[in-house]
Protein chains: 2
Amino acid sequence: MSRSGADLALLLLSGYRSLVDATTDELAAQGFADFRPVHEFAMRAIAAGADNASELGRRLSVSKQAAAKVIAVLLDRGYVTRDADPRDARRKRLQLTPLGASVLRQGEAVLQARREEWARRIGAAELAALEERLSVLVGDAVVRPGAPAWRGDDPAEAR
Amino acid sequence: MSRSGADLALLLLSGYRSLVDATTDELAAQGFADFRPVHEFAMRAIAAGADNASELGRRLSVSKQAAAKVIAVLLDRGYVTRDADPRDARRKRLQLTPLGASVLRQGEAVLQARREEWARRIGAAELAALEERLSVLVGDAVVRPGAPAWRGDDPAEAR
DNA sequence: CACAGTAGACAACCAGGTTGTCGAACGCCA
DNA sequence: TGGCGTTCGACAACCTGGTTGTCTACTGTG
């Protein structure tokens, strides 16, 4: 075999970082400073229906307390609003603000632009094949983004 | 395009996690509990010549204080030793113990086994092609494993 | 031989997770 | 109707793993 398992892991991590860091930088340049991937992910979940803290925690595979902290940041930044749920007085209903929706759109656009750049570099068909194989390998192992950061924080062998 | 940029990022992250989490679990099962990727990475750097805290910090793209904390753990576990450097009294020279070397070997073996399983699943040639394309895309963007965990901690869109 | 720079120790701090506890509200069921 | 287990969100304490800043000892160079 030409490559080691450690190299493979490192390649995957580097690819991910390369996409995500570029997105973070782009968004910062567009005026959304301190906007982190986890914020984008949380807002996406909110937009997809996780409109209260407990549910958001479940979707992010994180405790509801951790979710509440993220929500506090999003509220502070004006990306979401929180108001009483008329049907369940225990809940606070979360909603994206127009500003929040626009961050989400821009994030997606930047990520998409990066993907298109990759497609130009190796060819659209090659990129599609890469995605196809990866998704076969990963299978149903859905990633839990917020999850214990200490799992998968490094790689092994960085050169 | 069939897939979004967010999906691509998620695939890469999931692939990485899948490899690394399996390795961590395997090592734990083999008696190396609480052995984390960052430990493996640090030991690898030490073995590769980063035999003092400051240098280790540089290789891991982390402050020397952070490196010192990792070293403290490795010392405590008996994976490395630290003794005076005869040529520079400021330095403490780090060395892997036989135990440390064996963890490293086992970690590499487990990772390699995972890679071979992947090769069986999609074919060795396909896997090699995937690695080749990824490495073209990633290019010289060397990953900094220990680095700010908040970069690249999430993906975007988890289903 | 002075002095700028480096190694490592120590302390304070911060971010972002965790668990545990609590009061209020809900929903089911006798 | 009422009781009771469950859920929501808040709050507090704590842990981990980074950070910066400061200090002393030592090095090596002009």
Side-chain angles (χ1 to χ4, degrees), chain A residues 17 24 33-42 46 49-77 80-95 143-154, chain B residues 17 24 33-42 45-46 49-77 80-94 143-154:
Chain A
R17 284 271 174 104
T24 303
D34 277 333
F35 189 77
R36 302 184 188 178
V38 67
H39 299 147
E40 171 149 351
F41 185 72
I46 292 169
D51 68 345
N52 63 83
S54 294
E55 178 59 25
L56 182 60
R58 282 189 289 267
R59 300 250 190 138
L60 266 43
S61 298
V62 126
S63 65
K64 61 184 179 180
Q65 292 85 344
K69 289 189 186 180
V70 174
I71 292 170
V73 172
L74 297 177
L75 281 171
D76 180 65
R77 299 257 213 287
V80 302
T81 56
R82 179 177 52 184
D83 52 357
D85 185 325
R87 301 150 46 143
D88 187 339
R90 292 170 304 177
R91 295 188 180 170
K92 305 291 182 61
R93 202 171 35 183
L94 302 170
Q95 275 180 299
V143 110
R144 301 128 309 167
W150 62 269
R151 301 206 60 151
D153 53 351
D154 118 331
Chain B
R17 285 269 175 105
T24 303
D34 277 335
F35 188 79
R36 301 183 188 179
V38 66
H39 300 146
E40 171 150 352
F41 186 72
I46 291 169
D51 67 347
N52 63 84
S54 294
E55 179 58 26
L56 182 60
R58 282 189 288 268
R59 301 251 189 134
L60 265 45
S61 299
V62 126
S63 66
K64 61 182 179 180
Q65 291 85 345
K69 289 189 186 181
V70 174
I71 291 170
V73 173
L74 296 178
L75 281 171
D76 180 63
R77 300 257 214 284
V80 302
T81 56
R82 179 177 53 184
D83 52 356
D85 185 326
R87 301 152 45 146
D88 187 338
R90 292 170 304 179
R91 295 188 180 169
K92 305 289 182 64
R93 202 171 34 181
L94 302 170
V143 109
R144 302 129 308 167
W150 62 268
R151 301 208 61 153
D153 56 349
D154 119 329

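In what follows, chains carry the letters A, B, and so on, assigned in the order in which the sequence lines appear, proteins first and then strands, with residues in each chain numbered from 1. Computation of the quantities below employed the complete heavy-atom set of this structure, encompassing side-chain atoms and omitting hydrogens, waters and symmetry-equivalent molecules.
- Put simply, the side chain of B:Arg91 does not reach to within 4.5 Å of the side chain of B:Ser54, judged on heavy atoms.
- Taking the side chain as every heavy atom from C-beta outward, B:Val73 and B:Arg77 approach each other to under 4.5 Å.
- We find that NE2 of B:His39 is positioned 11 Å from C1' of D:dT16, with the value rounded to whole Å.
- Taking only side-chain nitrogens and oxygens, B:Ser63 never comes nearer than 4.0 Å to OP1 or OP2 of D:dG18.
- Atom pair A:Glu55:CD and C:dC26:P shows a separation of 18 Å (rounding to whole Å applied).
- Inter-residue side-chain proximity for A:Asn52 and A:Asp88 is flagged as unmet; no heavy-atom pair is nearer than 4.5 Å.
- Rounded to whole Å, the distance from CG on A:Asp76 to C1' on C:dA15 is 15 Å.
- Within the 4.5 Å cutoff, the side chain of A:Ile46 has heavy atoms near those of the A:Leu74 side chain.
- If you find the closest nucleotide of DNA chain C to B:Asp51 and to A:Ala67, the one lying nearer the 5' end belongs to B:Asp51.
- As rounded to whole Å, 13 Å separates atom P of C:dG20 from atom NZ of A:Lys64.
- The backbone N or O of B:Ile71 sits nowhere less than 3.5 Å from a side-chain atom of B:Arg82 that would complete a donor-acceptor pair.
- Annotation: side chain of B:His39 is not in contact with side chain of B:Asp34 (no heavy-atom distance under 4.5 Å).
- Here B:Ser54 does not reach the OP1 or OP2 of C:dT6: none of its side-chain N or O atoms lies under 4.0 Å away.
- For the pair A:Lys69 NZ and C:dT19 C1', the computed distance is 11 Å after rounding to whole Å.
- Distance A:Gln65 CD to D:dA12 P: 13 Å, rounded to the nearest Å.
- Sorted by residue number, the members of residues 81-94 of chain B with any non-hydrogen atom under 4.0 Å from DNA chain C read B:Arg82, B:Arg90, B:Arg91, B:Lys92.
- Across all strands shown, B:Ala68 has no heavy atoms under 4.0 Å from either base or sugar-phosphate atoms.
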